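Only one structure is covered here, and it is reproduced in the block below.
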Amino acid sequence: MAGSPDLREVLSGPVEEVAPRLLGAVLRHGPVALRLTEVEAYGGTSDPGSHAYRGPTPRTRVMFGPPGHLYCYLSHGIHTCANVSAGPDGHASAVLLRAGEVVDGVEAARARRGAVRDHLLARGPGNLCRALGIRLDHDGVDLVDGEVTLCLGDPVPAFDRGPRTGLRQAADHPWRFWLPGDPTVSPYRRHKSAAP
DNA sequence: AACAAGATTAACT
DNA sequence: GTTAATCTTGTTT
């Protein structure tokens with residue numbers, strides 16, 4: 001079986017409840033597997049920080065679709081970032097995968113990332129995609145039985161939450177979730193010109 | 001058809 | 001702490 005049977009059911013809840021549930025889950029693409037340590041929730045037309053804020057567009061179509069699919073986009077012309085669509089079909093929301101610990105295929109991940117410490121292999125959304133080999137064309141992949149899969153674990157015993165990284169809009173919305181003290185969690189950076 | 005901005009990263013002062 | 005790299009998307013002529 002590729003993925004937990006109840007993955008889609010769990011993901012169909014409110015995105016701010018789904019996001020922390022993804023901590024500790026295992027994301028796999030080919031030989032490389034990752035245990036998620038840091039995520040951010042983006043949701044609906046009431047979240048100014050979300051790509052879907054101004055309604056559906058060709059790029060954000062996956063966010064408006066059923067839960068359990070990969071939403072990939074290119075950031076700053078260089079970096080691919082991956083999200084998991086959440087919420088019921090038609091409700092735009094997704095969880096950005098920001099960091100993880102490589103638990104399988106470490107050699108393949110090292111080959112893609114070059115000479116960095118192991119805990120940095122998948123730290124930061126762009127680096128996570130590089131380590132895992134996720135590209136823009138993985139947009140829309142079904143995480144239950146697609147090329148990239150997600151397996152939920154037991155809910156983590158504890159997590160921290162705080163404002164999301166690098167946003168200009170809604171910079172203080174506390175929808176970033178991470179495992180306390182985990183070395184693979186990326187450092188918080190506020191956007192240059194975020195509103196005070 | 002053209003333009004400005006961006007859920008980032010790495011390199012540099 | 002600051003900045004360049006690089007290109008897609010959404011918005012505006």
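Just so you know, these numbers come straight off a predicted model, no measurement behind them. We name chains A, B, ... by the order of the sequence lines, and we start the count at 1 in each one.
Side-chain atoms of A:Thr60 come within 3.5 Å of backbone N or O of A:Thr57 as a donor-acceptor pair. Distance alone, capped at 3.5 Å, places no donor-acceptor pair between the A:Arg112 side chain and the A:Ala109 backbone. A donor-acceptor contact shorter than 3.5 Å is absent between the side chain of A:Arg28 and the backbone of A:Asp104. Of the possible polar contacts, one joining the A:Glu38 side chain to the A:Ser186 backbone as a donor-acceptor pair under 3.5 Å is found. Between the side chain of A:Arg113 and the backbone N or O of A:Leu121 there is at least one donor-acceptor pair closer than 3.5 Å.
What separates CZ of A:Arg59 from P of B:dG6 is a distance of 11 Å, to the nearest Å. The distance between atom CH2 of A:Trp175 and atom P of B:dA7, rounded to the nearest whole Å, is 16 Å. Regarding A:His79, its NE2 atom lies at a distance of 13 Å from the P atom of B:dA7, rounded to whole Å. Put simply, CG on A:Leu74 is 18 Å from P on B:dA5, counting in whole angstrom units. Taking atom CD1 of A:Ile134 as the reference point, atom C1' of B:dT8 lies 16 Å away to the nearest angstrom. Atom-to-atom, NE2 of A:His173 to P of B:dA7 comes out at 15 Å; the value is rounded to the nearest Å. If you measure from atom NZ of A:Lys192 to atom P of B:dA7, you get 13 Å, rounded to the nearest angstrom. Put simply, CG on A:Asn83 is 14 Å from C1' on B:dG6, counting in whole angstrom units.
Counting non-hydrogen atoms under 4.0 angstrom, A:Arg164 reaches nothing in the nucleic acid. Note on A:Ile78: a base of the nucleic acid sits closer than 4.0 angstrom, heavy atoms only. As judged by a 4.0 angstrom heavy-atom cut-off over every strand, A:Arg189 is placed among residues making no nucleic acid contact. Here A:Arg113 lies in heavy-atom contact (under 4.0 Å) with sugar-phosphate atoms only.
Stacking of A:His76 onto the six-membered ring of B:dT8 is present: less than 5.5 angstrom between centres, less than 30° between planes. In this structure, A:Tyr42 counts as stacked on the base of B:dA7 under the 5.5 Å centre distance and 30° plane angle limits.
A continuous path of Ile, Leu, Val, Met, Phe, Trp and Tyr side chains, each step under 4.5 Å between heavy atoms, connects A:Leu179 with A:Leu150, placing both in one hydrophobic cluster.
Between A:His119 and A:Glu101, the side chains place no donor N or O within less than 3.5 Å of an acceptor N or O (distance only, hydrogens not considered).
To the nearest 0.5 angstrom, A:Tyr42 atom OH is 5.5 Å from A:Leu96 atom CG. Taking CG from A:Leu23 and CG from A:Leu152, the interatomic distance works out to 11.0 Å, rounded to the nearest 0.5 Å.
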Under 3.5 Å, which donor-acceptor pairs do the side chains of residues 64-71 of chain A form with other protein atoms, sequence neighbours left out?
{"unit_1": "A:His69", "atom_1": "ND1", "unit_2": "A:Gly140", "atom_2": "O", "d": "3.2"}
{"unit_1": "A:Tyr71", "atom_1": "OH", "unit_2": "A:His51", "atom_2": "ND1", "d": "2.7"}

Once Watson-Crick and G-U wobble pairs under 3.5 Å are found, how is DNA chain C written in dot-bracket notation, 5' to 3', with | for any base paired to another strand?
|||||.||||||.
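Residues forming a salt bridge (charged side-chain N to carboxylate O under 4.0 Å, His left out) with A:Arg190 (at least two apart in sequence, or on another chain): A:Asp172. With sequence neighbours left out, A:Trp178 forms a ring-ring contact (aromatic ring centres under 6.0 Å, His included) with no residue at all.
Residues of residues 120-130 of chain A having a heavy atom closer than 4.0 Å to DNA chain B, listed by number: A:Gly124, A:Pro125, A:Gly126, A:Asn127, A:Arg130.
With hydrogens and angles left out, the side chain of A:His191 and the base of B:dA7 share no donor-acceptor pair within 3.5 Å.
Heavy-atom contacts of chain A under 4.0 Å fall on DNA chain C between two terminal nucleotides, which in 5' to 3' order are C:dT3 to C:dT11.
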